Amino acid sequence: MSEETANGKGPLGVEGPSPAEAMEQMLEVYPKKTKRKRGKQMLLNDPQTPKEIGANSRTVPGIITQRGCSYAGCKGVVIGPIYDILHITHGPIGCGWYSWLSRRNMTKIRAEGETNYLQYSMSTDMQEEQIVFGGEKKLKEAIREAYEEFKPKAISVYATCPVGLIGDDIHSVCRDMKKELGINIFGFSCEGYKGVSQSAGHHIANNGVFKNMIGLDDTPVEAKYKINILGEYNIGGDAWEIDRILRLCGIHIIGTLSGGVSYDEICNCHMADLNVVMCHRSINYMAEMMETKFGIPWFKVNFIGLEGTKKSLRKIAQYFGEKELIDRVEEVIAAEMAEVRPVVQDVRKRTEGKTAALFVGGSRAHHYQDLFQDMGMKVISAGYEFAHRDDYEGRDVLPHIKVDADTRNIEELEVEQDTERFNLRNTVERKKSLEDSGFDFSDYEGMMRQMAKDTLVIDDISHHEMEKLIELYHPDIIGSGIKDKYVIEKMGVPCKQLHSYDYGGPYAGFKGAINFFKEVDRMTSTKVWKLVRAPWHEDASGEASADAELANASV
Ligand code: SF4
C-alpha cells in the first residue's frame, strides 16, 4: 500500500476515499454479472509489476460507453485522413454523415494538381431497395460517377453494418471497377459490428493499406536520414509541428501514416530506413508487417510533452548514430527549450499539484501524462476506450493475450520477407550493440508503468463511473471527448477534449506544448468553476459558501 493510501486518502494523497473504496463504490450499483465484468476492467496501479486488466472485451449493453465502431476505426481514423484518395462509404447515410469532417486530421495540398477530397463525404446512401435486392449495383454506379466527376488516383470503399448482413461483396466490385477504370480501387470490410470497438477497424485498415498501397512505388528517396511516422493523424496540426522539428534536425519524413499524407507518399514509404510509432494501438500491425517484409526496424516514440519529445529526438539520432545528427538534435532542443522554459515556469505557479484524470481512445491517455507532468500536475486516474492489454501492461504480455470470439474474425495477414526488396537497415551487430546499450526496438512498455502507485486504471469507463469519479475526487481537469465534455462541465469540472483539442492545437512537440500549457492553465485557473453553485446555496456546515463570496467578486 502506498504512503498516500495508508494515510486514508485518495490516489496520490488527494481528498476522498481510498482508491480501493472508490472502485467498490463505482461497482456497487451494478447487477452481479456487470459488477464482475466491470471489476476486471478496473485496478489499482502497480508500476513495478502491472496487473492484468480486462481490456478489448465486449461492451456491457446499456452502460453508456464512450466507444465507437470498427467503421470509425478504419475509415474515420486510419484511412480517412489520406487526402487524395476518394473515400466512399457504402451504407445508409448516417455513418458517412456523422464522420464528415468531425475528426480534425488537418490537410493541406502540397503539390500542384493535387486535390483534397476530405472536404467531401461520399456515400452510396443505401435505401430499402438495396437492403432487399443488394447494393453492389449501386456501389458500382457510385464509383463510376465519382471517377467521372473527380478523376482521383485511387478510390477506397468502406462497408457499414448492413453491407455484411446482406452479403454485398465489396471486394469483387472493387476488383471489377479497378479493371474498368484503370486506377487503384480497394475495399475494407469494416462493418461496425466487427470486433468490440474502433480497434478492429484499425487492424482491418492496416491490412488493407499494406496489401493495396505500401510498396507500389520503388522510387529512391534522396535524403540521409529518412523515416516514417506511424500512427500520427495530424489532429490540430500535430504532424506539421513534428515535421517542423525533424526538418530542423535534418531528418526527412517520407510518410506520416496517415495525418496530412498523400496516396503517393504511402506507396513510397517502404523506402524509409526507420519507422517510429506514435499511436501504438492503431498502427503496430503495420510496423510489424513492414519490418517482416522490407526489414525496416521500428520503435515507439512520443512527441507529446517536453520530456517525451526530447527523448524521442535523441532516440532517433542514436539510432542513426552519426555525430552531426546527434549534435544537431541537441542544438534544436536547446533552441526550442529556450522558448518553452519561461512559459512552463509561469504556468507551473498555478498548475503545480493540481489533479487530472484522462479517458481517451487508445494512446492519448498515456501520451498526455507527460504534458501534465511537465506542469507539475498529478494524474490520479486514466484509462482507454479501446486499447488492448499490451497498451496498458506492455508488449511483453502479447504471447499471453487470449483472442476471444469477438476478435477472431479479424484477418491476420501472413506476411513474408520480400525476396527482392528486403533490406536489413542495420547490421545484426549494430542492432545488437544498440540493444545492449538499453535501446528497445519493437517494444512498448505500456501506460501503467508510467502511472504512480495506486492510481486508478479504468478501461472502457462508463458514464456512471465517470460521474462517480468526479463526485469522489473532483479532479481539477478531465481529458476526454465530446460525448462526456458537457456532462463533466455541468458537474463543475473543466473537460479538455483530447480527441478534437477543443478545436485548438497543435499540442505535439515544443510549440504544441506551449499551446497546451496555456490552455490547461486557462481552463483550470478561471474562476467560473467556483460560480457553478447558486450563491444562496450553503455548505453542509451551514456557513455561507465560497461561491456566494465569489459571486459578488469581479471575475
Ligand atoms: S455502427 Fe454501423 S451503422 Fe453505426 S456508424 Fe458504425 S458502421 Fe455505421
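Order of listing sets the numbers, starting from 1, for every ligand and every atom in it. All figures in this text were calculated on a predicted structure; none of them were measured in a lab.
Every residue was checked against the ring-ring contact (aromatic ring centres under 6.0 Å, His included) condition with Tyr233, not counting sequence neighbours, and none meets it.
Using a cutoff of 4.0 Å between basic side-chain nitrogens and carboxylate oxygens, Asp264 and Lys153 are scored as salt-bridged. By the 4.0 Å N-to-carboxylate-O rule, Asp502 lies close enough to Lys485 to be salt-bridged with it.
Distance CZ/Phe150 to CE/Met122: 3.5 Å, rounded to 0.5 Å.
For atom 4 (Fe) of ligand 1, no protein non-hydrogen atom is found at a distance below 4.0 Å.
Protein atoms of type N, O or S found under 2.8 Å from atom 8 (Fe) of ligand 1 total 1.
Side-chain N/O atoms of Lys468 and Tyr473 include no donor and acceptor closer than 3.5 Å.
For Lys151, the NZ atom counts as densely surrounded, since its 6.0 Å shell holds more than 12 non-hydrogen atoms of other residues, nucleotides or ligands.
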